[in-house]
Amino acid sequence: MEINYVFLLKLLLGLFSFSSLGRADPEPLNDYCVADTKHPRDFFSNGVPCINPDHALASHFATSALSEPGNMNQFNFNVTLTNTNNLPGLNTLGLVLARIDIAVNGLVPPHAHPRASEVTILLEGSLLVGFVDTSNRLHTQQLRRPGDCFVFPKGLIHFLYNTDFMRPALAVSGLSSQNPGAQISSVATFTSNPPMPDDVLKKGFKVTGQDVIKIRRNLGG
Ligand SMILES: *[C@@H]1O[C@H](CO)[C@@H](O)[C@H](O)[C@H]1NC(C)=O
């Protein structure tokens with residue numbers, strides 16, 4: 001019997017789109033599910049339990065959490081996120097917003113969000129942004145003007161670098177999950193708890209034991 005390859009391909013594509021691969025957060029069953037931030041969490045679900053919808057207020061859907069920059073970290077950046085505590089109305093909606101402050105010549109080092117794509121809009125300063133795809137190709141762009149945007153596909157390693165020596169940069173990102181997660185590649189590999197075996201790092205990065213000690217110390221591990 002002759003195999004109909006086109007049909008087979010369509011069938012496979014169909015199966016993939018129904019599988020859980022790349023699926024967004026679960027669809028909410030209600031208009032909203034304002035997070036119950038008052039009561040202690042004694043059970044855990046996928047998301048946060050919600051208050052009685054009759055008690056929802058407009059203020060549950062507003063926040064000033066992004067109005068101030070946070071404190072700079074060792075890489076000279078800070079990310080402030082909305083979450084179900086500072087913006088309870090966000091619960092189950094499948095997104096968060098991030099305020100990103102990057103000091104003069106600061107770097108958000110290569111990192112990945114396992115559960116979200118991210119779209120970044122530059123508000124002040126300028127940024128060199130980029131991601132590496134799974135074929136190891138680097139895609140970079142210089143964001144120069146307020147309003148310039150860039151999108152980082154879900155799960156791919158990316159960075160934001162303020163190449164400017166005079167002006168700090170301010171950007172806002174929307175992420176396509178209520179809980180995007182973040183792993184900074186260098187920090188996750190060199191300062192995990194408990195630490196990865198030195199031999200794994202030596203072989204993985206083709207460096208010496210001294211290099212491992214140095215990098216770990218530099219990263220505060
Ligand atoms: C940003 O600043 C806040 C408040 O100063 C701090 O709690 C948080 O850990 C910082 N986040 C990062 C990614 O530096």
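Whatever order the structure lists ligands and atoms in, that order sets their numbers, starting from 1.
- Atoms CG and CG, from L87 and L81 in turn, are 11.5 Å apart once rounded to the nearest 0.5 Å.
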Go ahead and list the nitrogen or oxygen contacts between ligand 1 and the protein that come in under 3.5 Å, distances to 0.1 Å, or just say none.
unit_1: ligand 1; atom_1: 2 (O); unit_2: N71; atom_2: N; d: 3.2
unit_1: ligand 1; atom_1: 2 (O); unit_2: N78; atom_2: OD1; d: 3.4
unit_1: ligand 1; atom_1: 2 (O); unit_2: N78; atom_2: ND2; d: 2.3
unit_1: ligand 1; atom_1: 5 (O); unit_2: N71; atom_2: N; d: 3.0
unit_1: ligand 1; atom_1: 5 (O); unit_2: N71; atom_2: ND2; d: 3.1
unit_1: ligand 1; atom_1: 11 (N); unit_2: N78; atom_2: ND2; d: 3.1
unit_1: ligand 1; atom_1: 14 (O); unit_2: N73; atom_2: ND2; d: 3.1
unit_1: ligand 1; atom_1: 14 (O); unit_2: N78; atom_2: ND2; d: 3.2

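- The distance between the ring centers of F131 and H158 does not fall below 6.0 angstrom.
- Among residue pairs with one or both ends in residues 47-110, those qualifying as disulfide bond (SG atoms under 2.5 Å apart) are C33-C50; sequence neighbours excluded.
- For N78, the side chain to side chain donor-acceptor pair (under 3.5 Å) test picks out T80, with sequence neighbours left out.
- For the residue pair D25 / S177, a side-chain donor-acceptor distance below 3.5 Å is found, with atom types taken as modelled.
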Please list every donor-acceptor pair under 3.5 Å in which a side-chain atom of residues 159-166 meets a protein atom from a residue at least two apart or in another chain.
unit_1: Y161; atom_1: OH; unit_2: N105; atom_2: ND2; d: 3.0
unit_1: N162; atom_1: OD1; unit_2: D164; atom_2: N; d: 3.0
unit_1: N162; atom_1: ND2; unit_2: I102; atom_2: O; d: 3.3
unit_1: N162; atom_1: ND2; unit_2: A103; atom_2: O; d: 3.1
unit_1: N162; atom_1: ND2; unit_2: R167; atom_2: O; d: 2.9
unit_1: D164; atom_1: OD1; unit_2: M166; atom_2: N; d: 2.7
unit_1: D164; atom_1: OD1; unit_2: R167; atom_2: N; d: 3.0
unit_1: D164; atom_1: OD2; unit_2: R167; atom_2: NE; d: 3.2
unit_1: D164; atom_1: OD2; unit_2: R167; atom_2: NH2; d: 3.2

